[in-house]
Protein chains: 2
Amino acid sequence: MLFDALLDEINGRLAEPGDVPRQERLYRLLKDAVLAGRLGPGARLPATRTVAARCQMARNCVAYAFEALVAEGFLVADRQGTRVAELPRAAALAGGEGLPGLSRRGAGLRGRSVQHTVLPFAPGVPDLNLFPWQAWSRCLQRAWGEVRARELNYAPPGGEPALRAAVAHFLAGWRGVRCTPDEGFILAGAQQALEACARLLADPGDRVWVEEPGYPVARATLQGAGLVLEGVPVDGDGICIQPADWHTRPPRLVCVTPAHQFPLGSVLSLERRLALMAGARAAGAWVIEDDYDCDFYHGAGRPLPALQGLVADGPVIYLGTFSKLMYPGLRLAYLVLPRSLAPDFGEALAGWQRAGQAVEQRALAQFMESGALLRHHRQMAPVYRARQEALRAALAAHFPGWSVRGGVAGLHLVLEGAASLDDRAWAQAIATRSVVARPLSVYGMEPLVSPRGLVLGYGVADARQIPALVARLAEARF
Amino acid sequence: MLFDALLDEINGRLAEPGDVPRQERLYRLLKDAVLAGRLGPGARLPATRTVAARCQMARNCVAYAFEALVAEGFLVADRQGTRVAELPRAAALAGGEGLPGLSRRGAGLRGRSVQHTVLPFAPGVPDLNLFPWQAWSRCLQRAWGEVRARELNYAPPGGEPALRAAVAHFLAGWRGVRCTPDEGFILAGAQQALEACARLLADPGDRVWVEEPGYPVARATLQGAGLVLEGVPVDGDGICIQPADWHTRPPRLVCVTPAHQFPLGSVLSLERRLALMAGARAAGAWVIEDDYDCDFYHGAGRPLPALQGLVADGPVIYLGTFSKLMYPGLRLAYLVLPRSLAPDFGEALAGWQRAGQAVEQRALAQFMESGALLRHHRQMAPVYRARQEALRAALAAHFPGWSVRGGVAGLHLVLEGAASLDDRAWAQAIATRSVVARPLSVYGMEPLVSPRGLVLGYGVADARQIPALVARLAEARF
């Protein structure tokens, strides 16, 4: 009898050592036998006492397994006992071969990740060792001490009112942004904020102008939202738009980094700021001002205020993040919308994404109101300035005659080389020396014609170690 | 002289009370005058001492304003003094009229938001007042006490290893999911997890089958990723796929809720589970198993294990969330991928989204390992079961003859009415009585032919109050 052979095998398997109780193992073995077709549809099972005797198990353990399999539909109990249900055979279901793979767009994302390293010269990473996590964790603790059910639920779509108020106050004072709490929206990170702009303000197929070179993650986000990207060149005064382009290839969105162009570090000139706003307004386009590097200003005098604040109700969406001033893992960013758009935008946002982290948002509002954020800022600004100076000096010493770009704000400098420089090979050689330098050419949409060099973040590089670290960059060239 | 009139006006404005220092106000007034064209390109400004005398200000305050405007490019300092820069006029830039609005897809999201209420009968909301937030906040505090720079940076794209291990262990034990830590991925909420499936496993224009009626937020997410939705009807045994459909309209993805169909509450039968897997495998499709309601099982015996665990390496992606067992604001969910796909999926995920909340992830791993999550689960299961029983009894008393669907798992029941029932009007009338009931017809892709009734969540309804609350539903009908 077929069942005899199966019972012998089950008996052997039950004798094997393991943590799983024997009744559970019997259940699984019988289930697998049905799924594999070894117990075919309609086959009658022996009585529970027969199985119990053969397997040296208590009868109620066998009954447990039978009952579970009846409840799940594998077996059917009838007047004659228990039989296997009429089920499609599942043998062909198992095994990973022949399963479909990633989608084309999914496959295109492979190899796109950047290492999330805190090694020296990783661009865009603040010095997380100097983050006042004790003060921050006290704010969190306090927010948890005051928690109510509503803060555990989804957060209000535009953010916690206390944080919206704190952000509006902060941006008005620090960046000259025109913003009431109702016009500022909290989102789960800069990437989500940019995606909200792409989806809520543009439709698939719409054109978006991006800086060339620019930020690949931003490009991928815009592309993922179905927009058609067109690169606009950047020079020493920032994005360089030809007036005719507004008519010949009008965009729906223009994404810019006026305070410190990423990666080249240009500051968008006043003349171009005004022309950009006038052009966008005439073309019915939105300017997305990504003020990603605004937190740290290293120039003389005070920083140039945000483009957004230049005129009231201009066609500008202001985007900023807490990743640098707080820490990247916090995943909180903000958008400022013109008064005329803010209510509609808030409503659409509520229909798009479920927000959370209300407790963290309240803690952050408290961290800002207590002055802890500004204190942290005041402590870090001279640290970063000193690191930039050390990096400049070391680059001048090791790479005489090379051009060093950027630095009026932010946390990185660009060492620009000749057009023939193979910056990717160089960066690979550098990576073997416990230093990270990004090849400048990875930031271009057309890497073959993009400028060459290294993008060097000084956020996590100790000033005293910078000369030795730069020496490693030079060594890796040969 | 034109400048005289402007100076008079500035003088008047400076005399107004306000918090902003006078030098800052002078700077802003002059800037606005340039932007508005009242000080035209090339116009010469009086000397700082003249302005100081007229405005009764210290000369260095006037110099501060002039220097800031020179630095920003509004004014130019030359040998003769200070003149206005050659700038495009910005008068036309101001004013919100004529700005573009939302995109078409953005406008389509308006009115789509559901109130994030914790009122009785709001579906899908757990009782957040009973969440052990003190134990949870101790885990957070402990995780913050052990924090290092790397946990403040972006989180590893698939999640913190400790949480991945805890989730794999939890799912194997509780849901019979076949999962190693490398096959489980942590994402920022169920919506992001579903979007990751849509983007990484399907391309724009690909067909996705969804349950009809189903979950509108899931449909919006799939649509937002460019997929073409086709509704598949649901009956008492779950999604009801015609075998021919696999050939005539083959999908790339099939999204199902086998444990407790949302909203109707059917459990997908074993026969259909096997046929679904066989059909998907033959068609080269992925089944997305959304186990959203798995956390609470109210049936006899033990819950039917997940579809994913039925066979090894089946064409199934398993999706679950911590929103119910923890709290919605946490924004953490998980995906389990087949072994053959997991490495590629992880790589694509890293290229798609920046992850965060590493500290919270470590705290959650600790919360799970300490047994606190299972304790919370054991406490809540009988609470929710009692609420469901109270709701059933009250519905039977107030709506004799109506059909009540679902309830083997999850946190809601469906009260189904006649096809002629205007469930939306009824839900509106109910909303005026401090109770929330969702009209069943909002869950259909074609509301006119969709079943009618009320979706009633019992997660936040106190069992003793349920009879009185159900009485309000009945009152609102007339």
Side-chain angles (χ1 to χ4, degrees), chain A residues 71-73 87-88 90 93-96 99-100 102-106 109-110 112-113 116 118 128-129 133 137 144 147 149 152-155 191 200-203 270-271 274-275 277-278 281 284 301 304 311-315 327-329 331 338-340 344 347-348 350-352 354 356 358, chain B residues 71-73 87-88 90 93-96 99-100 102-106 109-110 112-113 116 118 128-129 133 137 144 147 149 152-155 191 200-203 270-271 274-275 277-278 281 284 301 304 311-315 327-329 331 338-340 344 347-348 350-352 354 356 358:
Chain A
E72 294 182 17
L87 292 171
L93 300 179
L99 285 180
L102 295 179
S103 59
R104 285 188 301 279
R105 61 180 168 185
L109 290 165
R110 291 178 55 191
R112 285 271 199 93
S113 78
H116 296 145
V118 287
L128 300 171
N129 287 306
W133 61 267
S137 96
W144 275 104
V147 82
L152 298 176
N153 204 351
Y154 298 109
Q191 200 181 347
L200 273 44
L201 303 178
D203 284 302
L270 179 61
E271 196 176 333
L274 292 167
M277 293 239 269
R281 185 177 262 284
L304 198 60
V311 296
D313 293 312
Y327 56 99
R331 310 314 296 128
R339 179 180 305 271
S340 63
D344 282 356
E347 226 188 286
W352 177 54
R354 296 283 179 91
Chain B
E72 294 182 15
L87 293 171
L93 300 180
L99 286 179
L102 295 178
S103 58
R104 284 187 301 279
R105 62 178 168 186
L109 291 166
R110 291 177 56 191
R112 284 274 198 91
S113 78
H116 296 147
V118 287
L128 300 172
N129 287 306
W133 60 267
S137 99
W144 274 103
V147 81
L152 298 176
N153 204 351
Y154 299 110
Q191 199 180 346
L200 273 44
L201 303 178
D203 284 301
L270 179 61
E271 196 175 334
L274 291 168
M277 293 240 269
R281 184 177 263 283
L304 199 60
V311 296
D313 293 312
Y327 56 99
R331 311 313 296 127
R339 179 180 306 272
S340 63
D344 282 356
E347 225 189 288
W352 177 54
R354 296 283 179 92

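Letters A, B, ... are given to chains in the order of the sequence lines, protein chains preceding strands, and every chain is numbered from 1.
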With chain A as the partner, which of [options] has the greatest number of non-hydrogen pairs under 4.5 Å?
options: B:Ala275, B:Gly106, B:Ala71; result: B:Gly106
options: B:Val147, B:Asp203, B:Leu200, B:Asn129; result: B:Asp203
options: B:Pro338, B:Ser137, B:Ala358, B:Ala202; result: B:Ala202

To the closest 0.5 Å, what do you measure between [atom1] ([X]) and [atom2] ([Y])?
X: B:Leu201; Y: A:Leu102; atom1: CG; atom2: CG; result: 6.5 Å
X: B:Arg331; Y: A:Arg331; atom1: CZ; atom2: CZ; result: 14.5 Å
X: B:Asn153; Y: A:Tyr327; atom1: CG; atom2: OH; result: 11.5 Å

Is any side-chain heavy atom of B:Glu347 closer than 4.5 Å to a side-chain heavy atom of A:Leu109?
no
Report yes if some heavy atom in the side chain of B:Arg354 is under 4.5 Å from a heavy atom in the side chain of A:Pro328; otherwise report no.
no
For A:Gln191, is it the side chain, the backbone, both or neither that has a heavy atom under 4.5 Å from a heavy atom of chain B?
side chain
So, the part of A:Arg339 with a heavy atom under 4.5 Å from chain B: the answer is neither
Output the option from A:Gly329, A:Ala348, A:Pro100 having the highest count of non-hydrogen pairs under 4.5 Å with chain B.
A:Pro100
